[in-house]
Amino acid sequence: MQESYDPAAVERAAQQYWDERRAFEVREDATRAKFYCLSMFPYPSGRLHMGHVRNYTIGDVLARYMRMRGHNVLQPMGWDAFGLPAENAAISNGVPPARWTRQNIAHMRGQMKSLGFAIDWSRELATCDPHYYRWNQWIFLRMLEKGIAYRKTGVVNWDPVDQTVLANEQVIEGRGWRTGAPVEKREIPMYYLNITRYADELLEALETLNGWPERVRVMQANWIGKSEGCEIAFPYAPDTRAAAGADGALKVFTTRADTLFGATFMAIAAEHPVALAAAKRNPALSAFIDECRRGSVTEAEVATQEKKGMPTGLHVLHPLTGRALEIWVANYVLMGYGEGAVMGVPAHDERDFEFALKNALPVVTVVRSTTGAYQEVRAPWIAAYGEYGITVNSGQFSGLSFRAAVDGIAAALEHKGLGRKRVQYRLRDWGISRQRYWGCPIPIVHCGLCGEVPVPDEQLPVVLPEDLVPDGSGNPLAKSAAFYHCRCPKCGQPARRETDTMDTFVDSSWYFLRYACADAARTMVDARVDYWLPADQYIGGIEHAILHLLYARFWTKVMRDLGALKFGEPFTNLLTQGMVLNHIYSYQSDGGRKRYFDPAEVAVRRGADGAEVYEVTTADLGTVLVTHEGLGKMSKSEGNGVDPEGLVERFGADTARLFIMFASPPEQTLEWSDEGVQGASRFIRRLWNAVYEHVSAGEAPPLDASTLTGAQRELRRAAHQTLAKATDDIGRRRNFNTAIAAVMELLNAVGRFRDASAAGRAVRHEALRIATLVLAPITPHLCHALWQALGSTTALIDEVWPAPDAAALAQETREIVVQVNGKLRGRISVAVNADEAAVRAAALAHAQVRKFVADKPVQRVIVVPGKLVNVVV
RNA sequence: GCGAAAGUGGCGGAACUGGCAGACGCGCUGGACUUAGAAUCCAGUGGGGAAACCCGUGAGAGUUCGAGUCUCUCCUUUCGCACCA
């Protein structure tokens, strides 16, 4: 064993040992319990960032721990390799996205290996590989056959300068991110997946996901947004039937059918067909509609903007009273939800109330509180009453509770054929077409004669040409005749290949299945999936709480219904790790641009008034004071990222892993601290030195537990207590920080234990072995070396996580806390098997207790066995 | 606006089931070693007080022998959703 710890040498040796033995390649084994430990695969952006390191370290600690617990552990890794950044890199460097992506993968794979993750690299996959994405295409065709995939027109953000479609994130304040041109809404044909067909199951099954954070389940439930209500048809008034250009009636959806008699107007979205028809003869209305459609893009802005509207001059008839109601176009009605039209009930809806107030529309109160007296809603003094209550002014439906009123009104409407109860979801079908190059081609051919023709299975995959370089304007596939020129698979005539590619969320919706059978050549998945899946643990960022996790759940259910899978939920347990934060420091010169500085370069000083000041010295600025903007997520733009590669070079992977796991529990945010990293490094060296010192003294004799002194028994108990605590902290609670703290305490105890006797050395040997075993999942290279140094002939990764020795944990006496009136006054040491009366007597005899009790009468004595005595006076 | 989570030393965080508040680490203070120190080791470190003791987990109430933990009200922060009819 080397005298001083050399992380580079230690880590090289351990990694080489694992590599040579292919230690982490696993096979299905029906005789052993499996553990599928899955981390969200990264986008190959170029370099790992600290968030990746945290994610994969958590996964690796669990994988290694479960392996030591005897499980057959699968920990795979892959690359979410399609996507926009590769195109952006191509635009700025002229490098084809494929080459850029593959270089990044190679670099990041190397970084992961240097961190020592116990990954089965034989199962590695990249979604840009035709062997992978051909199955996207294959299953898309199956979905098309089942009607789960379909084509319809959809609205996209269009950049008129670049002639390209923009993702929502590329639209900044209504303008294209590259060109700054105002973004237009365009309707183009796209493919959709019918996720709403599964809305109910996706919602219901959330209840069964007990291993998921409540937060994520709530977010998904809100996203699905189930509401139960009624669909109501308002027939057009005879005079406007022709003008409305629509047949029969204006449909709305409402959750408050009980307020139907309070409807005083109708409000429709600017994009509603009736609005468009009315605008043809009404220039003012047309202008208003244009204004609404151009209007703000972000939903948060929409939510706060002032309610505006304009009458159409068209009327409908109330389905039960026959009264005429005017149709208004209103900016607060969304085309994308329900029917794109609502009945305006100002007395019982805040938004309708505000709208009615502004446009002097009548207000009719039809619900009163169940408890208070009837109160009429009167704009502007008495605002809308939105609670459930008892109906009034509602003809034969007056005097009913909410439930009874809805039931009665729905029945009456149904009888007339003008309405029915219905469930409405907020969730919408998933549009998967992207007018992008670097993605999976949608396997469709458009034929002038046959129309839309699916590419036959035997012609899959439709291979994405990899030599194109996007220039920022339009989709290069649509400009590449070599790609889009083809023959119709049906009639053989010249035809045009679909040039849209799939949303990259498609790629990530099933990659975790493919790991189980990454080499399956003829099928998307095979029986091995049923061995490994569902994943026992999934680990990733909270930012994927909704979309990715919902899509993956949906995809799993679709594949189950297609007969490819036997389960409907892919991830049994979910851990959402917190963000990695660091301090943000900026400097703003007069009129200059704000500059951000690496926190490692910022010096902290006490100013004249004692407050902390921060300064930075640079070549161009000299020494300047900078502003501390607080903590924020590590990011390139704020200059507060820490590069994992540099960290590994300076301190080693084990120090990086130890610090990350120690600094905070996995679900919480992690504040970066260079001093904390130093602390982790210091602890590792102290452990190394302790082992070195111990083994340098020669081989330790075998432990004879029956002849130990008190101090020896105490250290032995501390070691086994540490093991028990770490087992619970890692295995059950997933609190790695406290497990590490326990080992630190143990090492402190070993440091205090200065016993060079044979028995003392034996006890120390056991304590160091336990410390090494417990840390093995966290700092595997270090522990691999220490394990050898401690004289083991087997490798640490093949070692079994031991159970604590009950005899070592046993105590003859126990310390018990004594309180008087709930305040700590002393401690007594009592035999473990002492009965309550003895404990009580010992407590009352304690000097401090006698002092505080004095001459006051003792009212009660509460004895909590093994813990405490409280004397109440 | 709605929903969720969280507020504990100078800092990150412990205290899991109501039972010793502040484990462990960082920082800081003092000391040792050293020509010197960035290293390493030892000791101390919630506040007040000479001490006995007292006070202390965002604020206020409550339940309890006992509350960081449970209940209520309020405040603050973070996150998510956001005109969802």
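Letters A, B, ... mirror the listed sequences (proteins, then strands); counts begin at 1. Predicted model only: the values in this text are computed from it and were never measured.
Rounded to whole Å, the separation between the C1' atoms of B/G27 and B/A82 comes to 43 Å. The same atom, C1', is picked in B/A32 and in B/G48; the two are 32 Å apart, to the nearest Å. With both ends at atom C1', the span from B/C74 to B/C81 equals 25 Å, rounded to whole Å. Spacing between B/U76 and B/U63 at atom P, rounded to whole Å, works out to 28 Å. Separation of the P atoms belonging to B/C41 and B/C65 is 50 Å when rounded to the nearest angstrom. Comparing the same atom, C1', in B/U64 and in B/U69 gives a spacing of 13 Å after rounding to whole Å. Spacing of C1' atoms, B/U40 relative to B/U34, comes out at 11 Å, to the nearest Å. With C1' as the reference atom, B/A5 and B/A52 are 44 Å apart, rounded to whole Å.
In this model, the phosphate group of B/C11 is not approached by any side-chain N or O of A/Ser673 to a distance below 4.0 Å at OP1 or OP2.
Of the listed nucleotides (B/G19, B/C53, B/G13), B/C53 has the atom at the smallest distance from the side chain of A/Lys851. Of the listed nucleotides (B/G25, B/A15, B/C55), B/A15 has the atom at the smallest distance from the side chain of A/Arg733. Set against B/A85, B/G13, B/C65, the side chain of A/Ser227 has B/A85 as its closest nucleotide. Checked against B/A15, B/A85, B/C16, the side chain of A/Asn735 finds its nearest nucleotide in B/A15. Ranking B/G25, B/A14, B/C65 by closeness to the A/Gln668 side chain, first place goes to B/A14. Proximity note for A/Pro665 (side chain, C-beta onward) versus B/A85, B/G13, B/A15: the nearest is B/G13. Comparing B/G12, B/C81, B/A23 by their closest approach to the side chain of A/Glu745 singles out B/A23. For A/Ile546, taking side-chain heavy atoms from C-beta onward, the closest of the listed nucleotides B/C83, B/C81, B/C55 is B/C81. Listed nucleotides B/G27, B/C20, B/C16 differ in distance to A/Asp729; the shortest reach to its side chain belongs to B/C16.
Backbone-only contact: A/Arg825 has heavy atoms under 4.0 Å from sugar-phosphate atoms and none from a base. Residue contacts shown for A/Arg215 are limited to sugar-phosphate atoms, with no base heavy atom under 4.0 Å away. Residue A/Asp349 is classed as having no contact, given no heavy-atom separation below 4.0 Å to the nucleic acid. Among the atoms of the strands shown, none is found under 4.0 Å from any heavy atom of A/Glu214. Within the nucleic acid shown, A/Val872 comes within 4.0 Å of sugar-phosphate atoms alone, with no base atom in reach, counting heavy atoms only. Within the nucleic acid shown, A/Arg685 comes within 4.0 Å of sugar-phosphate atoms alone, with no base atom in reach, counting heavy atoms only. Residue-level contact check: A/Gln848 touches the backbone only, with heavy atoms under 4.0 Å from sugar-phosphate atoms and none from bases. Using a 4.0 Å heavy-atom cutoff across all strands shown, A/Arg686 reaches sugar-phosphate atoms only and no base atom. Among the atoms of the strands shown, base atoms are found under 4.0 Å from some heavy atom of A/Val864. Nucleic acid contact class of A/Phe852 (heavy atoms, under 4.0 Å, all strands): sugar-phosphate only. Residue A/Arg732 is classed as a base contact, given a heavy-atom separation below 4.0 Å to a base. Within 4.0 Å of A/Lys725, counting heavy atoms only, lies at least one base atom of the nucleic acid. Residue A/Gly225 is classed as having no contact, given no heavy-atom separation below 4.0 Å to the nucleic acid. Within 4.0 Å of A/Asn748, counting heavy atoms only, lie sugar-phosphate atoms of the nucleic acid but no base atom.
A cation-pi arrangement is absent between A/Arg351 and A/Tyr332, since the terminal nitrogen or guanidinium carbon is not both under 6.0 Å from the aromatic centre and inside a 45° cone about the axis.
Under the Watson-Crick and G-U wobble criteria, each requiring two contacts below 3.5 Å, nucleotide B/C2 is paired to B/G80. With a 3.5 Å ceiling on both atom-pair distances, B/G13 lacks any Watson-Crick or G-U wobble partner. B/A59 is paired with B/U73 under the Watson-Crick or G-U wobble criterion, all donor-acceptor distances under 3.5 Å. Across every strand in view, B/G22 sits unpaired, with no contact that passes the Watson-Crick or G-U test at under 3.5 angstrom. With a cut-off of 3.5 Å on both Watson-Crick or G-U wobble distances, the partner of B/U35 is given as none. Nucleotide B/U29 has B/A43 as its partner under the Watson-Crick or G-U criteria, with both atom distances under 3.5 Å.
With sequence neighbours excluded, the residues satisfying salt bridge (Lys or Arg N to Asp or Glu O under 4.0 Å) with A/Lys251 are A/Glu231.
With a glycosidic angle further than 90° from 0, B/G25 counts as anti.
Take the nearest nucleotide of RNA chain B for A/Arg256 and for A/Val218: the residue whose nucleotide is more 5' is A/Val218. In this structure, A/Ile740 and A/Gln819 both approach RNA chain B, and ranking their closest nucleotides by distance from the 5' end singles out A/Gln819.
When the P atom of B/C81 is taken as reference, atom CZ of A/Arg428 falls 14 Å away, rounded to whole Å. In this structure, A/Asn582 places its CG atom 14 Å from P of B/G12, rounding to the nearest Å. One interatomic measurement links the two molecules: CG of A/Leu844 to C1' of B/C65, which rounds to 14 Å at whole-angstrom precision. Taking atom CZ of residue A/Arg752 and atom C1' of nucleotide B/A43, one finds them 13 Å apart after rounding to whole Å. The nearest whole Å value for the distance from the CD atom in A/Gln424 to the P atom in B/A85 is 8 Å. Here B/A39 presents its P atom at 19 Å from CZ of A/Phe683, a figure rounded to the nearest Å. The CD1-P distance, from A/Ile862 to B/A67, rounds to 12 Å in whole Å. The distance between atom CG of A/Leu427 and atom P of B/C84, rounded to the nearest whole Å, is 17 Å.
Contact annotation: side chain of A/Lys867 to base of B/C20, donor-acceptor pair absent below 3.5 Å.
Side-chain N or O atoms of A/His720 include none that pairs as donor or acceptor with a backbone N or O of A/Ile770 at under 3.5 Å.
Under the 6.0 Å cut-off for aromatic ring centres, A/Trp430 and A/Phe505 do not qualify, their centroids lying 6.0 Å or more apart.
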Distance-only donor-acceptor hits, side chain of residues 262-275 of chain A, under 3.5 Å, sequence neighbours excluded:
from     : atom 1 : to       : atom 2 : distance (Å)
A/Thr264 : OG1    : A/Pro362 : O      : 2.9
A/His272 : ND1    : A/Val274 : N      : 3.1

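Within the 4.5 Å cutoff, no side-chain heavy atoms of A/Thr365 are placed close to those of A/Tyr385. Looking at A/Leu361 and A/Pro346, their side chains never come closer than 4.5 Å, going by heavy atoms from C-beta outward.
In this structure, CH2 in A/Trp212 is found 11.5 Å from CE in A/Met219, a value given to the nearest 0.5 Å. Note that CG of A/Asp200 is 9.0 Å distant from CD1 of A/Ile224, once rounded to the nearest 0.5 Å.
Between A/Val839 and the options A/Leu868, A/Val818, A/Val863, a side chain to side chain contact (heavy atoms under 4.5 Å, CB included) holds for only A/Val863.
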